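One structure below.
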Amino acid sequence: MDAIFIFELSTVDEVAVAFSPRNIAPIMSIRTAVLIEQSGVIPYRIQDGQIEVMLITSSASKRWVIPKGLIEPDMTPQDSAAKEAWEEAGLLGKVFPDLLGTYEYQKSGCTWLVGVFLLEVQAVLEIWPEASKRKRQWVSIPKAIKRVNEPELKLILADLPNRFW
């Protein structure tokens with residue numbers, strides 16, 4: 001919730017009163033919350049009868065994450081997530097329409113809400129836009145759960161086998 005304050009002050013005394021500690025304290029206690037929506041994918045493949053997911057490193061902190069990004073204005077969340085998979089991980093495939101779940105994380109003073117979809121990987125490219133910024137790795141679901149930080153994403157990953165069998 002954003003708050004807008006409009007002051008019509010005509011004298012120095014009125015300005016001093018308006019911004020005195022007694023009057024400014026209630027304004028300072030208002031917290032503005034910014035929620036930014038993103039979409040992302042859990043890329044998967046079946047290898048030797050086991051589900052593997054691809055994790056990538058974040059561009060800045062090098063934490064293990066899933067491909068995700070802002071939802072493009074002219075795209076569905078699924079199409080936007082597929083675009084992020086290509087840009088960030090060099091992956092092409094089929095994004096399933098159903099939302100697996102959501103998770104939140106904090107960055108730059110904002111809350112980011114990520115809608116997560118499943119991507120069946122059909123091609124892994126050797127050259128992709130962010131290849132120089134990120135690492136990528138196929139891992140088992142238990143290893144992915146250990147690597148990611150977000151508790152809700154861990155739960156989405158843990159539920160993944162239920163989507164197959």
Side-chain angles (χ1 to χ4, degrees), residues 1-4 30-165:
M1 176 186 316
D2 292 305
I4 299 174
I30 295 172
R31 300 178 80 189
T32 59
V34 176
L35 180 68
I36 302 170
E37 292 186 347
Q38 294 184 304
S39 63
V41 292
I42 296 177
Y44 84 94
R45 70 179 182 185
I46 307 295
Q47 192 76 10
D48 299 324
Q50 300 295 313
I51 303 167
E52 291 183 332
V53 298
M54 181 174 282
L55 296 180
I56 61 172
T57 55
S58 66
S59 59
S61 67
K62 302 304 179 194
R63 293 179 304 106
W64 289 102
V65 297
I66 63 170
K68 66 187 175 315
L70 294 173
I71 301 170
E72 299 288 335
D74 58 338
M75 293 182 162
T76 65
Q78 295 89 335
D79 288 343
S80 194
K83 178 178 170 271
E84 294 298 328
W86 166 69
E87 289 177 352
E88 295 181 353
L91 302 176
L92 302 175
K94 175 187 172 189
V95 177
F96 290 87
D98 295 336
L99 186 68
L100 294 176
T102 62
Y103 72 94
E104 291 183 0
Y105 68 98
Q106 304 294 316
K107 179 181 172 185
S108 304
C110 300
T111 300
W112 300 73
L113 177 65
V114 183
V116 180
F117 298 90
L118 192 58
L119 172 75
E120 179 183 10
V121 175
Q122 296 166 336
V124 180
L125 305 175
E126 293 303 314
I127 299 170
W128 70 96
E130 296 186 18
S132 64
K133 296 180 184 178
R134 300 175 188 273
K135 293 180 183 175
R136 63 184 184 184
Q137 189 172 42
W138 288 108
V139 296
S140 66
I141 291 173
K143 188 175 262 189
I145 292 168
K146 288 179 185 175
R147 285 191 178 177
V148 299
N149 290 341
E150 299 79 8
E152 296 128 323
L153 182 55
K154 290 176 183 284
L155 292 173
I156 294 168
L157 286 163
D159 189 51
L160 207 51
N162 298 328
R163 306 247 174 203
F164 292 90
W165 292 284

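All values reported here derive from a predicted model rather than from experimental measurement.
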Looking at [X] and [Y], would you say the former's side chain and the latter's main chain have a donor-acceptor pair under 3.5 Å?
X    : Y   : answer
S39  : I71 : no
E52  : R45 : no
R136 : A89 : yes
S80  : E72 : yes

V124 vs L91, side-chain contact (heavy atoms from CB on, under 4.5 Å): CA-CA, chis, key distance, verdict: CA-CA 5 Å; V124 180; L91 302 176; 3.8 Å; yes

Taking NZ in K154 as the centre, count heavy atoms belonging to other residues, nucleotides or ligands within less than 6.0 Å. Is the count above 12? yes

Is the number of heavy atoms from other residues, nucleotides or ligands within 6.0 Å of NZ (K135) greater than 12? no

Within-4.5 Å side-chain heavy-atom neighbours: E88 and V65: no

One pair to check against side-chain contact (heavy atoms from CB on, under 4.5 Å): I36 and L70. What are the steps and the verdict? CA-CA 8 Å; I36 302 170; L70 294 173; 3.4 Å; yes

At what distance, to the nearest 0.5 angstrom, does [atom1] of [X] lie from [atom2] of [Y]?
X    : Y   : atom1 : atom2 : answer
E130 : W86 : CD    : CH2   : 9.5 Å
F117 : L99 : CZ    : CG    : 4.5 Å
E120 : L92 : CD    : CG    : 12.5 Å

Give me the one residue out of R63, Q38, E152 that meets side-chain hydrogen bond (donor to acceptor under 3.5 Å, both in side chains) with Y105. Q38

Electrostatic pair K68:E84 at N-O distance under 4.0 angstrom: no

Going by an N to O cut-off under 4.0 Å, is there a salt bridge joining K133 and E87? no

Where do V148 and Y103 land on the side-chain contact (heavy atoms from CB on, under 4.5 Å) test, with the steps shown first? CA-CA 12 Å; V148 299; Y103 72 94; over 6 Å; no

